[in-house]
Amino acid sequence: MLEQEEFQIQLEKIEQPLTRRDIATTLLFVIDGEVELSTGKKAVTLEADDLYILNQNEPYTLTDLTHNTLIRLQIKSAFFAHFFPGYYQYSFESFSREIDSGREKIVSSLRHNLALLVMNAFNSTENSQLISHNTIFQIMLLLTKFFKKEQTRPLTQKTEDERLARIITYLENHYDDPISLSKVAEQEYLSTSYLSRYFKQKTGMGFLQYLTLIRLKHSADDLMLTDESITTISIRNGFSSPKHFTDAFKAYYNETPTRYREKEHNQRLSSPSEKKAATTQILELTPEILNLLAKYHLETARETSLNPIPIEQKTITVNPIANESLAQPAYLLTIGGLKELLKDNVKKQIEMVQREIRLEFIGIRHLLRGRTFLPEVETDETVPTSSTFANADLALSYLKNQGLRPFIRIEYQELSRDENFYFEQLAHFLRHSIQVFGHSFVASWAFMYYEPEQTLVRADELRRVFLRLKRLLVKFEPAIQLGTFIPFSERATVPKSHQWVLETSDQVDFLTYNANPNEIIDFSKETSITFQNAERFTLTKTKKLKQYLKKHGIQKKLMLINWNTLTGNTRYTNGTFFRGALILEALFDVSPEVAGLGFWINTELHEEENNKRNIRMDGLELFHFFNGKRPAYYALNFKERLYGTVIARGKDYILMENTDGYQLILMNSVNLNPKLSVSELVRNEQRKEVHLRILGLKEGEYQLRKWIFDRDNGALYSKYWQLNSRHGLDEEILDYIVTASKPTLTVTDELISDDWSFYAYLELNAIHFYELKRTI
């Protein structure tokens, strides 16, 4: 037997007629012999393989017909209602021999999970609780998807059912407290008399009777599993006195608590052959029973995996006269300090992005505060042989040779420590750079003036320093672009300290902003499976910002420098929550709206920023701690691989036509709670199967290349976790992870007509990329 707060499962043998009423949804599964089941509705004979579902508070009687073995699972009502709010609005109806055609696999899956639950209960491991709870959720999912039947009732009554769920959950969680009908009535803003009638009507029993049954169930468990006194058990479980407990127990179980304990104790100590006939015998997992259970486990394992989600039918009709091309904003790759460009692995990653994607800017921070510039040394040389800018020259020379432009962030907090000295140093650096690299290269640079949203600095002070910076840059090279960060909030406002930008917009060349849905979610409190307010967050915020600027008569280029999709707030959830499609969706959404998009080069440099070790959520990295490519890399690569003209577009797909044929991207974007992404059950719920039909393609022979990018095909973290070790990873393992962590490619030959159809099975946040190349 496995007893949990949420459910109970046990192997039973019915020896005498037994009548029950469970405060739970009960599944009866006969694996051997026969029993007769009688309810208020019908009487049926349950044979081996039969499965029957009983609803909460439904009275039933089991009578033995032959030697029998059955599994009884109770999923407690309060637990079920917590995860399925409509629990009290439905009944569950199923008798395996009376199911409709087409449900055989569903019942087979229920049998499989019940067998798995029993075997796990008798084979305790460190993962037993996880396995049991995962299995229970799978059973609950199947019940709610395929066996629920809505009880016809008006909307007002459905609202009342939500009230009933609250009350029962309260009773289940506080049964050991001094609960009274009047106290619960006061909580629900009802009169005591109305609550009494209402509760009896809904549950079929009185309020006090229901509460007493809950207390008796917990008391019976204590009698069996502990040696505590009757007085202690009665008080701990909410009874007013030992006498009250004994009277209630005797009325329900037809024997005193002491006799119940003695009988259960003796039955557990005696051998099976010595046991006296009882109403129900709790069985152990014998080899014979294990052999019976194995059948249900193995038969289901040989079947194809069950996908309870209906197939989505989708038809795409091409529009050859559409002349839409994809927007191509400039990409900014932030590396931190300028000195990082002296590292070989950073150069390797930059060149990979240039070669496989596209790149224009390299983001630089802490220009003067960092360790790129060498300290000045005293020398008696007429012409010094050492230069403060020696390392900076190497870094800038690399950028110039690669055709890349610096994007330098100037922070008010840095320059305000010694403003005059800072401006002197910056002037010296600009003068030197123009002398060494020429005006044309320096003229291509961009600077961003930055102060965070939460600041005590006044608007007029921020404006003054910005204008001084502007004058300095114009003095050396008027073509240098100077923008500023505008902290636009989700409430569509800008803090007063930053509203100087509205008055000085004529001096601003571009505006930068952030968009991060994680900032509006409290991961410690959120319990919902999906976060609707995070859906297409980047596009929504961008459009609100543009409307805000238009209202103030401002039209400036926008650069989204730090952004993200929904992610996890720990390294583990951040890794396990695959979100490739969310990133690609955001790229398609926001690219037409902005002039530039920013990324961090890798996790190491991102987390090193400001000496923070926790996972950063204020930007997307293209690489991990080594040269492994993160989902943002492949999402960006898929977008840049597209070329030609858009001939069909929808929320979850885009179809292109080009000189070589066609390209199609399918996505399954889901803003799932990252905390739940570790559960296979929850992930499976978000899978999608699509029957896609495309009308209007040009007939002919094509080579079809299909890339699948999902948690099991290309996700770096999954492969990293599989091969990780407490003893570390050597170069061979890391190289293998990098090589193996890429989207899966398949190649087939296709004869395409103007009506082409196929099935696509997309995991959570998966991307499928199809490339149809015409053969010559």
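Count residues from 1 along the sequence.
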Problem - Spacing of S241 atom OG and I235 atom CD1 [to the nearest 0.5 Å] - result: 8.5 Å
Problem - Pairs satisfying ring pair (Phe, Tyr, Trp, His ring centres under 6.0 Å), at least one member in residues 8-28, at least two apart - result: none
Handout entry: N-O pairing of E188 and R166 below 4.0 Å
Key = yes
Problem - Pairs touching residues 79-92 that satisfy salt bridge (Lys or Arg N to Asp or Glu O under 4.0 Å), sequence neighbours left out - result: none
Exercise for the section: Tell me, yes or no, whether the heavy-atom count around E186 atom CD, taken from other residues, nucleotides or ligands under 6.0 Å, exceeds 12. Expected result: no
Exercise for the section: Assign the ring pair F137 / F83 to parallel, tilted or perpendicular, where the plane angle (0 to 90°) is split at 30° and 60°. Expected result: perpendicular
Exercise for the section: Identify, with sequence neighbours excluded, every residue that meets ring pair (Phe, Tyr, Trp, His ring centres under 6.0 Å) alongside F199. Expected result: F207, Y210
Exercise for the section: Measure across D652 and E312 and return the closest heavy-atom pair with its distance rounded to 0.1 Å. Expected result: OD2-OE2, 4.2 Å
Handout entry: L213 CG to S219 OG distance, which is reported to the nearest 0.5 Å
Key = 11.0 Å
Handout entry: Distance-minimising heavy-atom pair for T246 and P257
Key = CG2-CD, 3.8 Å
Fill in the blank from the handout: Interatomic distance, CG@L27 vs CD@Q74, rounded to 0.5 Å, equals 10.5 Å
Practice task
Could you grab the distance from atom CD1 of I214 to atom CG of L171, nearest 0.5 Å is fine?
Solution key: 5.0 Å
Practice task
For D176, enumerate each residue passing the side chain to side chain donor-acceptor pair (under 3.5 Å) test, keeping only those at least two apart in sequence or located in another chain.
Solution key: none
Problem - Distance, nearest 0.5 Å, that separates CD1 of I230 from OG1 of T256 - result: 7.5 Å
Fill in the blank from the handout: Taking every heavy atom of N113 against every heavy atom of Q138, the minimum-distance pair comes out as ND2-CG, 3.5 Å
Handout entry: S96 versus D49, closest heavy-atom pair with distance
Key = OG-O, 3.9 Å
Handout entry: With sequence neighbours excluded, residues passing side chain to side chain donor-acceptor pair (under 3.5 Å) with S180
Key = S182
Practice task
With sequence neighbours excluded, tell me which residues meet side chain to side chain donor-acceptor pair (under 3.5 Å) with D64.
Solution key: none
Practice task
Fit a plane to each ring of F249 and Y253, take the angle between them on a 0 to 90° scale, and name the class: parallel (under 30°), tilted (30 to 60°) or perpendicular (over 60°).
Solution key: parallel
Practice task
Give, for atom CG of N237 and atom CD1 of I233, the distance between the pair rounded to the nearest 0.5 Å.
Solution key: 7.5 Å
Completion exercise
Looking only at heavy atoms, the pair that brings L582 and V670 closest together is CD1-O, 3.7 Å
Completion exercise
Smallest heavy-atom separation, L28 atom then Y60 atom, equals CD1-CE1, 4.4 Å
Practice task
Report the C-alpha distance between N713 and E763 in whole Å, list the side-chain angles of each, state the deciding distance to 0.1 Å, and finish with yes or no for side-chain contact (heavy atoms from CB on, under 4.5 Å).
Solution key: CA-CA 10 Å; N713 297 276; E763 297 288 344; over 6 Å; no
Problem - Side-chain heavy atoms of K145 within contact of I106, under 4.5 Å - result: no
Handout entry: Distance-only polar pair, side chains of N55 and S91, donor-acceptor under 3.5 Å
Key = no
Exercise for the section: List for me each residue that meets ring pair (Phe, Tyr, Trp, His ring centres under 6.0 Å) alongside F578, sequence neighbours excluded, and say none if there are none. Expected result: F709
Fill in the blank from the handout: With sequence neighbours left out, the residues meeting side chain to side chain donor-acceptor pair (under 3.5 Å) with Y175 are H218
Exercise for the section: In sequence, state the C-alpha distance, the side-chain angles, and the governing distance for I71 and L11, and then conclude on side-chain contact (heavy atoms from CB on, under 4.5 Å). Expected result: CA-CA 5 Å; I71 296 172; L11 284 166; 3.8 Å; yes
Practice task
Only counting residues at least two apart or in another chain, list the ones meeting side chain to side chain contact (heavy atoms under 4.5 Å, CB included) with S240.
Solution key: H244
Exercise for the section: Please identify each residue that fulfils ring pair (Phe, Tyr, Trp, His ring centres under 6.0 Å) with Y252, with sequence neighbours left out. Expected result: none
Exercise for the section: Please identify each residue that fulfils side chain to side chain contact (heavy atoms under 4.5 Å, CB included) with E535, with sequence neighbours left out. Expected result: Q532, K651, N671
Problem - F80: ring pair (Phe, Tyr, Trp, His ring centres under 6.0 Å) partners, not counting sequence neighbours - result: Y87, F92
Practice task
Take L764 and D710, measure what side-chain contact (heavy atoms from CB on, under 4.5 Å) needs, and give me the verdict at the end.
Solution key: CA-CA 7 Å; L764 170 70; D710 58 29; over 6 Å; no
Practice task
Begin from the C-alpha positions of K13 and T69 and carry the test side-chain contact (heavy atoms from CB on, under 4.5 Å) through to its verdict.
Solution key: CA-CA 5 Å; K13 177 183 178 182; T69 303; 5.7 Å; no
